[in-house]
Amino acid sequence: MISFPNTMRSALVVGLLSLPCVLPSCGGDSTTEQAPVLRFSGIPDRNKGAVAKNSAKLASWLSEKLGVEVRYQASNSYTASVNALAANKIDFAWLGGKTTCDAIDASAGKVHVLATRDIDLQFKTYFVGNHAAIAAGKLAAVADLGEWRDAASKLKFTFGDVNSTSGHLMPRHFLVVAGIDPDKDFASVGYSEGGHSGTLNAVAAGSVDCGALNYEVYENASAELKEKAPLLHTTAEYVDYSWVVHDRVGVDLIGRLRAALLGLDDSDPEESAILKAWSAGKFLSATDAQWDSIREVRDSLPKGFLK
Amino acid sequence: MLLLALVALSIWVLPLDLTAVASWPDFQAACTRLWGFASAFAMPDLSQPMLVRCASLAMETVAVALLGVAIGLTLAYPLAIAACRAVVVAAGPTPLVRRWLARLLLEIARIVLDVMRGVPDFVWAVLLANVTGVSPVTGLLAIAISVAGIFGKVLSEQWDNVDGTRYVALRSSGASRLQVFFYGLQPLGARTTLSFVLMRTECAIRNASVIGVVGGGGLGAGLWIEYNDLNWRGVATILLTLLLVTASADLLANFVRRRLRIDANHPRAPIAVPKRLASRRRVQVLAGVAMVLLGCVWWLWGPLQIARQELGRIDWPYVEQYTFGLFWPSWSVATWSAVLRESVVPLAIGVLATLGGGLLAAMLVYPASLAMQLDSARFTGERVTPVVRVVRLVSLVLARAIALVMRGIPEVAWLVMLAVFFRSGVTPCVLAIALHTAGVLHRVFTEAVDDVPYGQLERVRGSRPVVFWYGALPRIWANWRTYGFFQFEVNMRIGIALGMVGAGGLGLFFKNNLEWRQHADAAAFLWGMIVLTVLVDRLSRWLQLTRNRC
């Protein structure tokens, strides 16, 4: 019998043992039947637990309505949702304004807007401040953001996720229009983790002095949080979130999916719960062109945070 | 002197925000914030669903780490052999062409290892998430790749460090290069290899919890979710679970490593075990390892199956184009000057955190040293009363427990706590890394002191502090420096990682460009990270060279 040195033997055995662990994960089975499953995801724009719970609710309702298995897959970042759509890891998605444009671009036009909420056509951003900072006279409510220019150098500011339309793209745009360069003028600029709820928490807790977030998240927050982080400024309106779908789903199923979403009815308790989870009165039909204005802002914005 | 200059430079470069301790009202406000958090710690969420969730997350973390290390080791082995000078570049006369080919193979293997190691594990996780999605499989593969990079480098170095005269007999009897490796180098280096593998396994358990933050699942993901919701009681429960997992891995690995590490001549060396018993034990250990790994596969079976199904449907051209795009950098001057500018941040964080942590660790060594506290009678000749002995035992246990907690809590978790007090920014990041570093360095620092043979300490003829200062410290100083430098390399990478969640610098800019789909610019920042890692690595090799010569 060949006598291997002991440690070599151990290494070999450990190596061999770990092989079966690798095997199931690589070498995709090309013969796998394309299971008739519709997979969807959404940007993690707030409390991930809540997003998962709401999405599970929608998944089970849609499965029943369409007669096709609909499965929710969590996403860890905005870009990951866009990539998943383009890479055939998901079929449709709940995206923000900027990511809607990103997804259309990344898929070379194979992704289209499916529906949007009534509130998304007149969406807005709230600028909020920490109550203690306000009491100390560091900042106050303003009608024009430009009035913050002088105080800015003493303020710690936070946006939401860097890919958020209402938490970063549009507030940055409005700040720039008002003559404030966030990267240079504020004492510090951050991008809060945990989406808009993260921004609100950070401002309320005083980790930062002020921040910008999705107005709908703020409206639905607890009275205690709102008290600790009062509203200081409301921006002009713009277009935001949408449901998008990839062409590979097929015209027929896309049509049924759209009809299901548009048909969500406030008078039915189950459907009303879904609408409520999305803060929507109703889902409306929409076209890609309605998001062109967001694409313009995305491409024309001065981008000090990239270089 | 140089160090002081470095520290001054780092402090000057980083936008450190110390307002939390700058004035009394600010300090009070900071304490109030901390109090809300600390009081939650007094009553963690111990409801049954939370406990069940924590237990399952903990299992997931451990399974991901262990399988990741197993796969990483398998990947690393051939690469390490190819990167080992003693194997690839043979001694004696060889044709010029063959010699060049060997050299080429060596360099290619080393570059592959550099890239695997230079791309931080969380970036691997972000890249892999495009293929495997938010799943423990992502964490598993990310850990496997980065661990393979580290194993490949360290194993090849360990084999290269084996004294050539110890296997010269093999060479002269005509053994091929691979035979020399299998019968010479690898058994001779086995002790250090195994010790290192154990240490990395334990590190991987900690890393697995950090990778969770960017999509790898496990305790890290849970912690991050609870933190973002400001659910402090939940954070407390998960942190305690995390501490439990890391501390038990720590103690277990330590126990085994002690047996591997100790010199047979050291008074605390275990008594030699008869050969038959030793081989039986080996078989038992191997069977145990196999069982544990199979258990891990079983635990992750669901996610592995889903990953397998998804792989069949994925649009590979898109994923390939995306992934390769992230390695194809832009050459614009503006981008590269930004890369240079932002590289300073992780470097400065690395310097400050390593020195701060090292200092803290060094201060805790004396009370924690086995030799100084419990065995001192063997080399100082003093008489120790039972009461004094108990006091010293308490000091030892206390110092070690503090260090255990410091390293048991990952940097991200320290950050979560410190950000409450200092508010977000660079300051809590530096402190978080420093605290964790102190715990990590404390262990190796103390081990180094306890490994000094007592005979050498006896020659100093003095009280305990005198023996420590004049006997132990000079002997282990170089050792401490090496560990410190190695930790600096690690800390710089963590600095990049924490950059994405508040510290700024390379990590943040990479993330922003990645998220804004500026792939060429993101690639430039990614190469910045790789080059930085390689430079620090070469610097450490070069420093060690000079140290050996002196």
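Scope of the values below: all heavy atoms of this structure, side chains included, with no hydrogens, waters or symmetry mates. Below, read A as the first sequence line, B as the second, and so on, with proteins coming before strands; counting in each chain starts at 1.
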Which atoms of [X] come close to chain A, meaning under 4.5 Å heavy atom to heavy atom: side chain ones, backbone ones, both, or neither?
X: B:F525; value: side chain
X: B:E310; value: side chain
X: B:D521; value: side chain
X: B:S337; value: neither
X: B:W224; value: side chain

Could you look at [X] and say if it's the side chain, the backbone, both or neither that has a heavy atom under 4.5 Å from chain B?
X: A:S188; result: neither
X: A:Q73; result: side chain
X: A:A106; result: both
X: A:L225; result: neither

Determine the option with the most heavy-atom pairs under 4.5 angstrom with chain B, choosing from [options].
options: A:A202, A:S41, A:S77; value: A:S77
options: A:A87, A:G194, A:G195; value: A:A87
options: A:A86, A:A80, A:G190; value: A:A86

#### Entry: Exam field: side chain A:T165 to backbone A:K98, donor-acceptor pair closer than 3.5 Å
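Here the side-chain-to-backbone pair exists.
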### Query
If we only count heavy atoms from C-beta on, is the B:F509 to B:R341 side-chain gap below 4.5 Å?
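The answer is yes, as the side chains (C-beta and beyond) meet within the 4.5 Å cut-off.
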### Residue pair A:F159 / A:P182, side-chain heavy-atom distance below 4.5 Å
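Yes, at least one pair of side-chain atoms sits under 4.5 Å.
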Charged N to carboxylate O under 4.0 angstrom, [X] versus [Y]?
X: A:D91; Y: A:R71; answer: no
X: B:R517; Y: A:D102; answer: no
X: A:D299; Y: A:R295; answer: no
X: A:D105; Y: A:R298; answer: yes

### Query
With a cut-off of 6.0 Å (strictly less than), are more than 12 heavy atoms of other residues, nucleotides or ligands near CH2 of B:W316?
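Correct, the count exceeds 12.
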### Query
Is the number of heavy atoms from other residues, nucleotides or ligands under 6.0 Å of B:R280 CZ greater than 12?
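No, because the 6.0 Å sphere around CZ of B:R280 holds 12 heavy atoms or fewer from other groups.
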### Task
Flag the one option from B:I314, B:I225, B:L508, B:T193 with the top tally of heavy-atom pairs under 4.5 Å to chain A.
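With the most close heavy-atom pairs to chain A, the winner is B:I314.
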### Query
Quick one: of B:T335, B:V285, B:N513, who has the most non-hydrogen atom pairs under 4.5 Å with chain A?
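Going by pairs under 4.5 Å, I would pick B:N513.
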